[in-house]
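Below is one structure, written out as structure tokens; the observations come after it.
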Amino acid sequence: EYYGGGMWLDYSDPILTHVTISNNTAEYYGGGMRLSNSNPILTNVTIANNTANNGGGMYLNNSNPTLTSVTFSGNTSDSKGGGIYLSSSSMNGSYVLINNNYSEGHGAGIFIGATSNINLNNSTIASNMVGEGDTFGAGIYADGGTASLINSIVYYNRREGDYDTN
């Protein structure tokens with residue numbers, strides 16, 4: 001699969017409740033999920049141990065999902081956005097856990113592209129890791145996009161090899 005190893009939503013607005021999306025691979029975008037022009041509602045969802053070039057857990061393009069009690073964990077990206085990659089998208093989330101994701105490039109937890117934004121409330125972004133070298137934003141990398149966090153924790157995200165850096 002080139003896109004959306006576990007699930008590919010294209011012009012779709014499903015409601016997903018008590019779902020696990022795990023151990024999937026996409027060559028290019030969205031190892032767990034790829035959203036294109038979609039506005040799903042996710043509640044009590046786990047997206048774990050997925051792999052892609054961009055957006056190991058989830059890749060969003062022109063999409064606006066709403067997340068409640070969603071976990072992104074153990075996802076991997078060969079380029080950017082280990083947990084989540086946003087492209088021209090907006091994400092709103094409460095009680096979201098983004099932890100233990102890895103990206104060779106920027107944004108192991110979240111990569112926010114230009115014209116994208118993410119709004120998180122009561123959420124945690126922790127223990128994510130970017131690869132060695134000129135890589136940044138292990139927790140969040142905003143490349144022209146914006147992030148709004150309320151009552152949230154960003155903790156112990158680091159570059160590979162920098163174990164004493166927070």
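Only heavy atoms go into these numbers, but all of them, side chains included; no hydrogens, no water, no symmetry mates.
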Given the rule that I, L, V, M, F, W and Y join up when any side-chain heavy atoms are under 4.5 Å apart, are [X] and [Y] in one cluster?
| X | Y | value |
| --- | --- | --- |
| Val45 | Ile118 | yes |
| Ile98 | Tyr95 | no |
| Ile47 | Tyr3 | no |
| Tyr156 | Ile153 | yes |
| Val70 | Leu35 | yes |

- Testing Asn128, Leu67, Ile21 for side-chain contact (heavy atoms from CB on, under 4.5 Å) with Phe72, which one passes?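 Output: one option passes, namely Leu67.
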- Among Leu97, Thr124, Val96, which one satisfies side-chain contact (heavy atoms from CB on, under 4.5 Å) with Thr71?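 When Leu97, Thr124, Val96 are each tested with Thr71, the side-chain contact (heavy atoms from CB on, under 4.5 Å) holds only for Leu97.
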Which pair of non-hydrogen atoms, one from [X] and one from [Y], has the smallest distance, and what is that distance?
| X | Y | result |
| --- | --- | --- |
| Ala26 | Gly5 | CB-N, 3.6 Å |
| Asn75 | Gly82 | CB-O, 3.1 Å |
| Gly55 | Ala52 | O-CB, 3.8 Å |
| Ser87 | Ser116 | C-OG, 3.4 Å |
| Met91 | Met58 | CE-SD, 3.8 Å |
| Met129 | Ala138 | CA-CB, 4.4 Å |

Can you confirm whether the side chains of [X] and [Y] place a donor and an acceptor under 3.5 Å from each other?
| X | Y | value |
| --- | --- | --- |
| Tyr102 | Glu160 | yes |
| Asn99 | Ser73 | yes |
| Ser89 | Ser63 | no |

Between [X] and [Y], is any pair of side-chain heavy atoms under 4.5 Å apart?
| X | Y | value |
| --- | --- | --- |
| Trp8 | Ser36 | yes |
| Ile84 | Leu60 | yes |
| Asn119 | Asn117 | yes |
| Asn122 | Ser94 | no |
| Ile110 | Ile125 | yes |
| Phe111 | Asp143 | yes |
| Asn121 | Asn151 | yes |
| Pro40 | Leu9 | yes |

- Step-by-step side chain to side chain contact (heavy atoms under 4.5 Å, CB included) determination, Ile140 to Leu149: CA-CA 11 Å; Ile140 302 170; Leu149 283 73; 4.0 Å; yes
To the nearest 0.5 angstrom, please state how far the [atom1] atom of [X] sits from the [atom2] atom of [Y].
| X | Y | atom1 | atom2 | answer |
| --- | --- | --- | --- | --- |
| Asn64 | Ser90 | CG | OG | 5.0 Å |
| Thr135 | Lys80 | OG1 | NZ | 11.5 Å |
| Asn61 | Ser88 | CG | OG | 6.5 Å |

- Should Met7 and Leu16 be marked as a side chain to side chain contact (heavy atoms under 4.5 Å, CB included) after you check the CA-CA gap, both sets of side-chain angles, and the distance that decides it? CA-CA 11 Å; Met7 184 179 296; Leu16 304 176; 3.8 Å; yes
- Message: Check the orientation of Tyr29 and Tyr59. Use parallel for under 30°, tilted for 30 to 60°, and perpendicular for over 60°.
- Response: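 Tilted, since the angle between the ring planes falls between 30° and 60°.
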- Val130 vs His106, side chain to side chain contact (heavy atoms under 4.5 Å, CB included): CA-CA, chis, key distance, verdict: CA-CA 6 Å; Val130 292; His106 306 312; 5.7 Å; no
- Message: For Tyr141 together with Phe136, are the ring centres under 6.0 Å from each other?
- Response: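 No, they do not, as the ring centres are separated by 6.0 Å or more.
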- Query: More than 12 heavy atoms of other residues, nucleotides or ligands under 6.0 Å from CD1 of Ile15: is that the case?
  - Reply: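 Incorrect, the count does not exceed 12.
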- Message: Within a 6.0 Å radius of atom OH on Tyr2, are there more than 12 heavy atoms belonging to other residues, nucleotides or ligands?
- Response: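 Check fails, neighbour count at 12 or below.
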